[in-house]
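To keep things clear, I will list the structure first and then write my remarks on it.
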Amino acid sequence: MTDTIVGAEVFLTSPGRNYVTLRITTADGVVGHGDATVNGRELAVASYLRDHVAPLLVGRDPARIEDTWQYLYRGAYWRRGPITMAAIGAVDVALWDILAKRAGQPLYQLLGGAVRDRVLTYTHASAWDTSALLDAVDARREQGFRAVRAQFGVPGLPTVYGVHKDVAAYEPAARGAAPAEERWDTSAYLRHAPAALAAVRDHVGHELELLHDAHHRLTPQQAARLGKALEPVDLYWLEDVTPAENQEALRLVRQHTTTPLAIGEVFNTVFDLHHLVTEQLVDFVRVAVVHAGGVSHLRKIFALAEAFQVRGAPHGPSDVSPVSFGASVHLGMSTHNFAIQEYMGYADLVHEVFPHAWSYADGYLHPGQEPGVGVGFDERLAARYPYDPAYLPVARRLDGTLTDW
Ligand code: EZ4
Ligand code: CO
C-alpha cells in the first residue's frame with residue numbers, strides 16, 4: 001500500500017551544541033527523523049531543507065528512497081558539497097526510518113541483516129601532558145573501550161585543537177559569533193608526536209588499539225615522515241594527514257609508510273575518494289551518514305571500498321547527531337567491510353532530546369531492536385534550547401598564515 005509524505009519540518013536546537021533535525025510525516029502517521037547538522041553552518045543547511053527541499057517532498061511516496069535521492073541530487077543541477085549532501089542525507093535517513101518502521105524492523109534488517117553481533121567503536125582520550133594522557137587513556141579502558149584515539153599538547157604552543165589543559169572532555173565548537181583563533185606549528189608537532197604516542201603504547205601494551213588524528217595539517221612529505229616515525233607505535237590508523245582535496249597527495253604518503261591511513265570525515269560523495277579507494281591509497285574511509293547523502297550513498301561508497309579491501313569507519317563526533325549516529329550503527333551492523341565507529345559521546349541533555357535504542361557496552365555499539373533507526377526527537381525539550389552560534393576554531397601558523405583547517 002502506498003503512503004504519502006504530508007509534512008517535512010526542520011528543527012534547530014542546541015542542547016549543549018547545535019543540531020539540525022528533519023522530521024518527515026506521512027499520511028499514515030509514520031514519522032521519520034534525519035540529521036542535517038553541519039558544524040558551524042547549521043542555518044545554511046536548515047534553509048536549504050526548509051526553503052528548497054521540504055516543499056518538493058510533500059506528496060511523494062516515502063518508499064521511493066532511491067528515486068528521491070536521485071531527484072534531489074541530479075534535480076538540483078548544483079551537485080555535491082556539504083550543505084547539499086547533508087540535506088539529502090537527512091531526507092534519506094528519514095525515509096529509511098519510515099520504511100523500516102512500516103516494515104516493523106530495525107533498519108539493519110532492511111540493509112541485508114546482521115553480519116556481526118556488535119559494532120566495534122573507539123573514543124577519544126586527550127590531555128596536554130603525557131602523564132595526564134596516560135591517565136585519560138586508562139579511564140577510557142576502564143569504560144571498556146578497546147580502541148582509543150590519543151591527542152596531546154605540543155610544547156611551545158598555547159593551545160592545540162581538541163586538547164584541553166584542564167578537562168579531559170572537549171567540545172570542538174565554542175559559543176560565539178566568530179571562531180576562536182589558535183596558533184599552530186607543524187615542526188613542533190612533528191618533533192613531539194612520535195614520543196608522545198610511543199609513551200602511550202609503552203603504557204598500554206599491545207592489546208589496545210591506538211589511533212591518532214592529524215587534522216589535515218601536514219604536507220604529503222611531512223605526513224610520510226610522521227607515518228614512518230610512528231610505525232613502531234603500531235597505530236590502528238593515522239587520520240587526516242593532509243587535506244586531500246588532492247587525492248593523489250596520499251600516494252607519496254603511502255609509498256613511504258605502512259602506518260594505516262584513514263581519511264574522509266569532510267568528504268561528501270564517492271567522487272571525493274574514488275582514487276583513494278581504487279588505488280588503495282588509504283585503509284579506512286571516514287565519511288559520515290549525515291555529511292555524505294545518508295545511508296543510501298554511504299552504502300555505495302562502502303561497496304566500492306569493499307572491492308578494494310578498504311574499510312568503512314564513519315566520523316562520530318558530538319556534532320553528528322544521535323539520529324545519524326544511530327543510522328551509522330545500523331550500517332555497521334549490516335556492512336561487511338565496516339571496521340569501527342567513532343563514538344565521541346554526548347552530553348546527558350543530548351541523550352534526552354534524542355532518546356535512542358542504540359547503546360554502548362564493553363567497547364561495542366549495538367543499534368537496538370526498535371523498528372526504524374530507533375532514534376526519537378523530543379520537540380518540546382528541544383525547543384527549550386534554541387540555536388546558539390558556535391564555531392570550530394581556526395589556526396594560524398607562527399607567521400600568521402592560516403593553516404589547512
Ligand atoms: O574535528 O567533529 O575525528 N574527529 C574529528 C572531530 C572534528 C569535528 C569537526 O566538526 O576530527 O573532532
Ligand atoms: Co578527525
Side-chain angles (χ1 to χ4, degrees), residues 14 16-20 35-42 44-45 82-83 85-86 89 121-127 136 140 145 147-152 159-164 167-176 179-180 182 184 189 193 197 209-218 223 226 235-244 250 260-268 272-273 276 282-292 312-322 324-325 328 339-347 350 389-395 403-405:
S14 196
R17 64 151 3 279
N18 292 309
Y19 294 109
V20 183
D35 169 27
T37 308
V38 177
N39 204 0
R41 295 295 183 269
E42 296 87 358
V45 70
I83 305 302
M85 297 312 291
T121 184
Y122 75 92
T123 194
H124 300 179
S126 68
R140 293 318 202 172
F145 285 97
V148 174
R149 188 192 85 165
Q151 305 294 122
F152 38 79
T159 57
V160 167
Y161 174 67
V163 182
H164 282 201
V167 289
Y170 77 96
E171 173 49 59
R175 300 284 188 207
E182 297 183 339
W184 180 249
Y189 165 76
L197 289 165
E209 302 286 8
L210 287 178
L211 303 83
H212 177 67
D213 194 341
H215 289 302
H216 328 254
R217 286 181 179 173
L218 309 179
L226 179 62
L235 287 182
Y236 187 84
W237 76 47
L238 178 61
E239 176 175 333
D240 283 345
V241 286
T242 69
L250 271 293
L261 302 171
I263 207 156
E265 66 186 45
V266 301
F267 295 172
N268 313 120
D272 294 326
L273 51 75
L276 294 174
V282 296
D283 301 276
F284 302 92
V285 288
R286 307 242 318 117
V287 202
V289 164
V290 49
H291 297 130
H315 196 205
S318 55
D319 48 283
V320 164
S321 101
S324 53
F325 186 82
S328 198
I340 194 166
Q341 172 64 56
E342 180 178 25
Y343 180 39
M344 190 172 150
Y346 298 99
V350 178
Y391 291 97
L392 293 168
V394 297
T403 59
D404 276 314
W405 199 75

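In listed order, ligands and their atoms are each counted from 1.
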### Query
What are the two closest non-hydrogen atoms of Pro314 and Ala288, and how far apart are they?
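For Pro314 versus Ala288, the nearest heavy atoms are CB-CA, 4.4 Å.
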### Query
Considering all heavy atoms of both residues, which atom of Ile340 and which atom of Ala147 are nearest to each other, and what is their separation?
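Nearest pair, atom of Ile340 first, then Ala147: CD1-CB, 3.8 Å.
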### Query
Which protein residues have a heavy atom under 4.0 Å from ligand 1?
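These residues qualify: Asn39, Arg149, Tyr161, Tyr170, Asp213, His215, Glu239, Glu265, Arg286, His315, Pro317, Asp319, Glu342, Leu392.
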### Query
In this structure, which one of Tyr236, Tyr343, Trp237, Phe145 forms a ring pair (Phe, Tyr, Trp, His ring centres under 6.0 Å) with Tyr122?
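Filter result, single survivor: Trp237.
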### Task
Could you please spell out the steps behind the side chain to side chain contact (heavy atoms under 4.5 Å, CB included) verdict for Arg217 and Trp405?
CA-CA 7 Å; Arg217 286 181 179 173; Trp405 199 75; 3.7 Å; yes
### Message
Under 2.8 Å from the Co ion (ligand 2), which protein N, O or S atoms do you find? Ignore water molecules.
### Response
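Protein N, O or S atoms closer than 2.8 Å to the Co ion (ligand 2): Asp213 OD2, Glu239 OE2, Glu265 OE1.
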### Query
Between Tyr161 and Trp184, does the ring centroid distance fall short of 6.0 Å?
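Not under 6.0 Å, so no.
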### Message
I'd like to check the side-chain hydrogen bond (donor to acceptor under 3.5 Å, both in side chains) partners of Ser14; sequence neighbours left out, ordered by chain and number.
### Response
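With neighbours one apart ignored, the set is Asn18, Arg175.
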### Query
Of all residues at least two apart in sequence or in a different chain, which pass the side-chain hydrogen bond (donor to acceptor under 3.5 Å, both in side chains) check with Asn268?
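Listed in chain order: nothing, the list is empty.
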### Task
Give, for atom NE2 of His215 and atom OG1 of Thr403, the distance between the pair rounded to the nearest 0.5 Å.
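The distance works out to 11.5 Å.
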### Task
Take Leu210 and Leu197 through the side chain to side chain contact (heavy atoms under 4.5 Å, CB included) test and state the conclusion after the steps.
CA-CA 9 Å; Leu210 287 178; Leu197 289 165; 5.8 Å; no
